[in-house]
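Take a look at the structure set out below.
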Amino acid sequence: MRKKAAPPWNLLAAVIVLAAAAAEEEKQRFREAPEFYNAEGCPAALAPSAAAECSAAAAVHVAMTLDATYLRGSMAAILSVLQHTGCPQSIQFHFVAADDIPFLNATLASSFPYLVYKIYPFEPARVAGFISSSIRAALDSPLNYARSYLDKLLRGGAGDCPRRVVYLDSDVILVDDIRRLAATPLADPDSALAAPEHCNANLAAYFTPSFWANPALSGTLGLGQRRRPCYFNTGVMVMDLDRWRAGRYTEKIEEWMELQKRIRIYELGSLPPFLLVFAGRIAAVDRRWNQHGLGGDNFSGRCRGLHPGPVSLLHWSGKGKPWVRIDEGRPCPLDVLWAPYDLLLRGSLAVG
């Protein structure tokens, strides 16, 4: 009797991926978040919607990526934004997701029935040819590169609404009013981006010896700069999408990613192209708006403390995520600041 042919490997891989996604979704069940109301002086409340068209009347437009793996962090971040702003009913969210969109939509609608948002699909194939391996597998996810395409993904509203967005990573917690961050002046007419800078960071560490050995490459880092190029973290950014389009910044980022495929010039995912295009050319934001690095380094994720100074936003960038460390019974001291925003139902299985 003829042996039955094994199913093609790509079919098996697809089944495994779908099964893993279903298992991940089953783990993540969230409680409904409390509802918050506008204070006096806010714009008119927006109508709650899971398919909201962009409103020019929104007090702030927030852009985030969504996926099943980091959903627990995203839910906490959304809650923190709403809880600490004076105009929660006038905040509009723009979420970008590559897959699991029906599950993500249902989860958001269940936990935030009053939210004003829309999920925009992102095709991983859009960046698949640009991605090169980095020092941590999570940084190689196509969705990690979606922030470079917000000018195209969010386009289509009246007058290309939204013009200005605050981009947030999924591992942040705000303890201040996001309107203050969104109001960051972009005084220079060429400024398309604002972010907290860290000029004491060693910028050289983000690029390979091959990059620094080639004057034609390394010289571009300071080319046309307004001031000394400094490190900034792309997990918290204020973006003017009209100016971004005018400057063709997506295409400029892609050019560096294409070069990286031919000559390895950096090791750290989507961040170095942003540094190459924008370092020394961004509008300054007080560092209180990105107390980053709380997840430790990209290898061990060791506990870290806060940078000196006030805090408006806590950011668990790095390998260690607070929900993982809490579930494993080894939280870092600052993880207790994230825990009050965790919406995961206590009866759910822990999410790794």
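Counting from 1, the numbers follow the sequence of the chain as shown.
- Side chain of S90 to backbone of P43: a donor-acceptor contact under 3.5 angstrom is found.
- By the side-chain hydrogen bond (donor to acceptor under 3.5 Å, both in side chains) test, D99 is found to be paired with no residue, residues two or more places apart in sequence or in another chain being considered.
- Between F207 and P272 the shortest side-chain heavy-atom distance falls below 4.5 Å.
- Note: Y231 and Y206 have parallel aromatic rings, judged against thresholds of 30 and 60 degrees for the angle between ring planes.
- Clustering ILVMFWY residues whenever any of their side-chain heavy atoms sit less than 4.5 angstrom apart, transitively, puts L271 in the very cluster that holds V127.
- Annotation for Y167 and L150: closest pair CD1-CD1, 4.0 Å, computed over non-hydrogen atoms.
- Residue R330 places its CZ atom among more than 12 non-hydrogen atoms of other residues, nucleotides or ligands, all under 6.0 Å distant.
- Aromatic ring pairs are classed by plane angle as parallel below 30°, tilted from 30° to 60° and perpendicular above 60°; the pair H198 and H307 is tilted.
- When atom types are taken as modelled, the side chain of N144 and the backbone of S141 share no donor-acceptor pair closer than 3.5 angstrom.
- A 4.5 Å side-chain heavy-atom check between R304 and D297 finds at least one atom pair inside the cut-off.
- For Y145 and F122, the gap between ring centers reaches or exceeds 6.0 Å.
- For Q92 (side chain) and E53 (main-chain N/O), a donor-acceptor pair under 3.5 Å exists by modelled atom type.
- Other residues, nucleotides and ligands contribute at most 12 non-hydrogen atoms within 6.0 Å of the CD atom of E123.
- No side-chain heavy atom of W289 sits under 4.5 Å from any side-chain heavy atom of V238.
- The backbone N or O of Q89 sits less than 3.5 Å from a side-chain atom of N38, completing a donor-acceptor pair.
- Using modelled atom types, one side-chain atom of R243 and one backbone atom of L186 make a donor-acceptor pair closer than 3.5 Å.
- With sequence neighbours excluded, no residue satisfies ring-ring contact (aromatic ring centres under 6.0 Å, His included) with H315.
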Could you list the donor-acceptor pairs under 3.5 angstrom formed between side-chain atoms of residues 105-113 and any protein atom two or more places apart in sequence or on another chain?
residue: N105; atom: OD1; partner: Y117; partner atom: OH; Å: 2.6
residue: T107; atom: OG1; partner: F103; partner atom: O; Å: 2.8
residue: S111; atom: OG; partner: R31; partner atom: O; Å: 3.0

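- No continuous path of hydrophobic side-chain contacts links L115 to Y37 [ILVMFWY only; heavy atoms under 4.5 Å].
- In this structure the side chain of I101 reaches within 4.5 angstrom of the side chain of P121, judged on heavy atoms.
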Assess whether side-chain contact (heavy atoms from CB on, under 4.5 Å) is satisfied between M239 and L193, documenting all intermediate values. CA-CA 5 Å; M239 306 169 71; L193 181 66; 3.8 Å; yes
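- The hydrophobic clustering, which links ILVMFWY residues whose side-chain heavy atoms are closer than 4.5 Å, places I173 and F95 together.
- To the nearest 0.5 angstrom, W244 atom CH2 is 9.5 Å from K152 atom NZ.
- When all heavy atoms of I265 and F211 are compared, the closest pair comes out as O-CB, 3.7 Å.
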Could you please spell out the steps behind the side-chain hydrogen bond (donor to acceptor under 3.5 Å, both in side chains) verdict for S317 and D169? CA-CA 9 Å; S317 56; D169 269 354; over 6 Å; no
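- Although no hydrogens or angles enter the test, the distance criterion places a donor-acceptor pair under 3.5 Å between the side chain of R245 and the main chain of D151.
- Heavy atoms only, all atoms of each residue included: D335 and W316 are closest at OD1-NE1, 2.9 Å.
- Residues satisfying the ring-ring contact (aromatic ring centres under 6.0 Å, His included) test with F36, not counting sequence neighbours, are none.
- To the nearest 0.5 angstrom, L344 atom CG is 7.5 Å from Q28 atom CD.
- If you run side-chain contact (heavy atoms from CB on, under 4.5 Å) between P273 and each of E255, E254, M257, only M257 comes through.
- For the atom pair CH2 of W338 and CZ of R325, the computed distance is 11.0 Å after rounding to the nearest 0.5 Å.
- Judged as a salt bridge (charged side-chain N to carboxylate O under 4.0 Å, His left out), and not counting sequence neighbours, the contacts of R180 are D176.
- You'll find the side chain of L313 reaches within 4.5 Å of the side chain of L168, heavy atoms only.
- Heavy atoms only, all atoms of each residue included: C230 and L203 are closest at C-CD1, 4.1 Å.
- Under a hydrophobic clustering in which Ile, Leu, Val, Met, Phe, Trp and Tyr are joined whenever their side-chain heavy atoms come within less than 4.5 Å, directly or via other members, I178 and V285 fall into the same cluster.
- Checking side-chain atoms of R147 against main-chain N and O of T234 turns up a donor-acceptor pair under 3.5 Å.
- Residue E267 holds its CD atom at 7.0 Å from CD of Q260, rounded to the nearest 0.5 Å.
- Ring pair F232/F274 is perpendicular by interplanar angle, where above 60° counts as perpendicular and below 30° as parallel.
- With T250 contributing its side chain and S148 its backbone, the two residues share a donor-acceptor pair below 3.5 Å.
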Identify every side-chain donor-acceptor pair in residues 73-81 under 3.5 Å, counting partners at least two apart or on other chains, and give the distances.
residue: S74; atom: OG; partner: Y70; partner atom: O; Å: 3.3
residue: S74; atom: OG; partner: S170; partner atom: OG; Å: 2.8
residue: S80; atom: OG; partner: A77; partner atom: O; Å: 2.8
residue: S80; atom: OG; partner: L174; partner atom: N; Å: 3.0

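- Hydrophobic clustering (side-chain heavy atoms under 4.5 Å, transitive across Ile, Leu, Val, Met, Phe, Trp, Tyr) keeps V116 apart from Y114.
- Between L154 and P162 the shortest side-chain heavy-atom distance falls below 4.5 Å.
- Counting only heavy atoms from C-beta outward, the side chains of D67 and D100 never approach each other to under 4.5 Å.
- The distance from the OH atom of Y266 to the CG atom of L217 is 12.0 Å, given to the nearest 0.5 Å.
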Stepwise side-chain contact (heavy atoms from CB on, under 4.5 Å) test for L143 and V96: CA-CA 8 Å; L143 196 59; V96 178; 4.2 Å; yes
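- We find the OG1-CD1 distance between T65 and I119 to be 11.5 Å, quoted to the nearest 0.5 Å.
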Is there a side-chain contact (heavy atoms from CB on, under 4.5 Å) between L306 and L314? Walk through the geometry before answering. CA-CA 9 Å; L306 294 171; L314 300 133; 3.6 Å; yes
Derivation of the side-chain contact (heavy atoms from CB on, under 4.5 Å) call for Y341 and V175: CA-CA 11 Å; Y341 302 94; V175 292; 4.0 Å; yes
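- Ring geometry for H61 against H94 counts as tilted: the plane angle lies between 30° and 60°, on a 0 to 90° scale.
- The minimum heavy-atom distance linking A182 with R164 is given by the pair O-NH1, 2.7 Å.
- Taking both residues in full, the closest heavy atoms of G86 and D177 are given as N-OD2, 2.9 Å, listed atom of the first, atom of the second, then distance.
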